[in-house]
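Because only heavy atoms are used, hydrogens play no part in the values below, and waters and symmetry mates are left out as well, while side chains stay in. Lettering follows sequence order; numbering is per chain, from 1. Just so it is clear, the structure is predicted and the values come from calculations on it, not from any experiment.
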There are 2 protein chains.
Amino acid sequence: MSAARTYVHPDTEDISLPRVLFALSEPLRLEMVRKLAERGEMDSLDLGPDLPRSTLTHHTSLLRESGVVFVRAEGRKCMISLREQDLESRFSGLVETVLSGYESDADQGHDDRAGGER
Amino acid sequence: MSAARTYVHPDTEDISLPRVLFALSEPLRLEMVRKLAERGEMDSLDLGPDLPRSTLTHHTSLLRESGVVFVRAEGRKCMISLREQDLESRFSGLVETVLSGYESDADQGHDDRAGGER
DNA sequence: ATAATAGTTCGAAGATTCTCGAAAGATCAA
DNA sequence: TTGATCTTTCGAGAATCTTCGAACTATTAT
């Protein structure tokens, strides 16, 4: 037996902006979202091939709970897709804007503390 | 004597998207940014009239260090403004997009956990 | 100089987050 | 049913965040 794997998602109208921004504020998750936007639905393993499984689940769950991605079980795999339309209808232009300002993978590991007095 | 109050700001090119998103992911700070976008430069006290001073300083410092706002001392006060142009040149459309998807002050205190199975 | 008013720094407590191993659950193939 | 493969849950440790009082610094007015 065993109940098939199901996933709870917030309704579109319940997606909260601060939560979405928080979800996107983590480099690992932002990178996941970038991949999803680029390639469409993906197997969760392809989203983070090098991550421990439990870490992967943690991040995909957070993305799902914040309304950023839709998750469905397919066999033993876990297929993940961006909720582009839902996000667009709720926060028009947000995903596109965020991703366009994000140069792939490089540029990580900021030190800050930099900057002048102006 | 005593060195006048000065504030360190990251250079425009060093503003990091994840950090900006994180700064905006806190409802209190997002509300501050909304006010700044609406009214322009503001006295820090007007940004959070009900907050303890140290809490206010904490949030304004985080916004400054992440490159979202510019801070300058004016007498004993602390004037804060959005770095609109810098943000625009770095992440075109981001601030406008975020704020347009944010309905002022209401709509806070989400419960989540809601949502169906889809 | 003294008092009053702002803002900053420091330290601490509590809450969240992140990471990840171990154990358990779900699916598929023999 | 057994084994292989994926995912999820649980728990714990480390790191970060948030909040805020107390003490301190800076600036202005008297």
Side-chain angles (χ1 to χ4, degrees), chain A residues 1-9 16 18-32 41-66 68-80 108-110 112-113, chain B residues 1-9 16 18-32 41-66 68-81 108-113:
Chain A
M1 273 319 82
S2 63
R5 280 182 299 153
T6 61
Y7 299 92
V8 178
H9 297 80
S16 135
R19 278 171 71 88
V20 169
L21 295 177
F22 180 77
L24 299 178
S25 74
E26 170 70 44
L28 222 53
R29 292 191 295 258
L30 185 51
E31 178 61 20
M32 288 177 177
E41 190 178 51
M42 289 177 71
D43 179 328
S44 82
L45 253 188
D46 293 332
L47 265 188
D50 303 332
L51 295 178
R53 301 299 171 76
S54 50
T55 300
L56 224 192
T57 297
H58 168 71
H59 289 297
T60 56
S61 295
L62 194 151
L63 284 169
R64 170 177 54 75
E65 286 160 15
S66 61
V68 176
V69 304
F70 177 70
V71 182
R72 68 184 177 86
E74 165 126 334
R76 5 182 183 185
K77 293 185 180 174
C78 180
M79 301 303 290
I80 304 181
Q108 234 59 27
H110 273 287
D112 285 283
R113 202 54 59 226
Chain B
M1 273 320 84
S2 64
R5 280 183 299 154
T6 62
Y7 299 92
V8 178
H9 298 80
S16 136
R19 278 172 72 86
V20 168
L21 294 176
F22 180 77
L24 299 177
S25 74
E26 169 70 46
L28 222 54
R29 292 191 294 260
L30 184 51
E31 178 60 21
M32 288 179 178
E41 191 178 50
M42 289 176 69
D43 180 327
S44 81
L45 254 187
D46 293 333
L47 265 187
D50 303 331
L51 295 177
R53 300 300 172 77
S54 50
T55 300
L56 225 192
T57 297
H58 168 72
H59 289 297
T60 56
S61 296
L62 194 152
L63 285 169
R64 170 177 54 76
E65 286 161 14
S66 60
V68 176
V69 305
F70 177 71
V71 183
R72 68 184 177 88
E74 166 126 334
R76 354 175 195 193
K77 293 186 180 172
C78 181
M79 302 303 290
I80 304 182
S81 55
Q108 234 60 28
H110 274 288
D111 172 293
D112 286 283
R113 203 53 58 226

Between A:Val71 and A:Met79, does the side chain to side chain contact (heavy atoms under 4.5 Å, CB included) criterion hold? Intermediate values first, please.
CA-CA 6 Å; A:Val71 182; A:Met79 301 303 290; over 6 Å; no

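- Atom CZ in A:Phe22 sits roughly 10 Å away from atom C1' in D:dT16 (whole-Å rounding).
- Phosphate proximity of D:dC20 to B:Thr55: present, with a side-chain N or O under 4.0 Å from OP1 or OP2.
- The side chain of A:Thr57 contributes no N or O atom lying less than 4.0 Å from OP1 or OP2 of D:dT7.
- Here the side chains of B:Met42 and B:Met32 are not in contact, with every heavy-atom distance at 4.5 Å or above.
- Taking atom CZ of B:Arg76 as the reference point, atom C1' of C:dT5 lies 5 Å away to the nearest angstrom.
- Of the candidates D:dA29, C:dT9, C:dC18, C:dC18 carries the atom nearest the A:Leu62 side chain, counting heavy atoms from C-beta on.
- The residue A:Leu56 sits apart from the nucleic acid: no heavy atom pair falls under 4.0 Å.
- The CG atom of B:Leu28 sits 17 Å away from the C1' atom of C:dT16 (whole-angstrom rounding).
- Residues A:Leu63 and A:Ile80 form no side-chain contact, since every pair of their non-hydrogen atoms from C-beta on lies 4.5 Å or further apart.
- Between A:Glu74 and B:His58, the one whose closest nucleotide on DNA chain C sits nearer the 5' end is B:His58.
- Atom-to-atom, CZ of B:Arg72 to C1' of C:dA6 comes out at 15 Å; the value is rounded to the nearest Å.
- The residue B:His59 sits close only to the backbone: its heavy atoms come under 4.0 Å of sugar-phosphate atoms, none of a base.
- Atom NZ in A:Lys77 sits about 19 Å away from atom C1' in C:dG25, given to the nearest Å.
- Here the side chain of B:Ser54 is nearest to one of D:dG21, C:dG7, C:dG21, namely D:dG21.
- Relative to the side chain of A:Tyr7, the nucleotides C:dC20, D:dT7, C:dT9 differ in distance, and D:dT7 lies closest.
- Among the heavy atoms of the strands, none lies under 4.0 Å from B:Leu51.
- In this structure, the side chains of A:Ser61 and A:His58 stay at 4.5 Å or more apart for every pair of heavy atoms.
- At least one side-chain nitrogen or oxygen of B:Arg53 sits closer than 4.0 Å to the OP1 or OP2 atom of C:dG7.
- For D:dC6, the OP1/OP2 oxygens have no side-chain nitrogen or oxygen of A:Ser44 closer than 4.0 Å.
- B:Ser61 comes within 4.0 angstrom of no nucleic acid atom, judged by non-hydrogen atoms across all strands.
- Annotation: of the two residues near DNA chain C, A:Gly75 and A:Glu26, the 5′-most nearest-nucleotide partner is A:Glu26.
- The interatomic distance linking B:Leu63 (CG) with D:dT18 (P) rounds to 10 Å, in whole Å.
- Taking 4.0 angstrom as the limit, A:Arg29 places a side-chain polar atom (N or O) nearer than this to OP1 or OP2 of C:dC18.
- Looking only at distances, a side-chain donor or acceptor of B:Arg5 sits under 3.5 Å from a matching main-chain atom of B:Gly75.
- Judged by closest nucleotide on DNA chain D, A:Val71 is the one of B:Pro52 and A:Val71 placed further toward the 5' end.
- B:Leu47 is not listed as a side-chain neighbour of B:Glu31, based on a closest heavy-atom distance of 4.5 Å or more.
- Protein atom CD of B:Glu65 is 14 Å distant from nucleotide atom P of D:dT16, rounded to whole Å.
- In this structure, CZ of B:Arg64 is placed 12 Å from C1' of C:dT9, rounded to the nearest angstrom.
- Among the atoms of the strands shown, only primed sugar atoms or phosphate atoms (P, OP1, OP2) are found under 4.0 Å from some heavy atom of B:Leu45.
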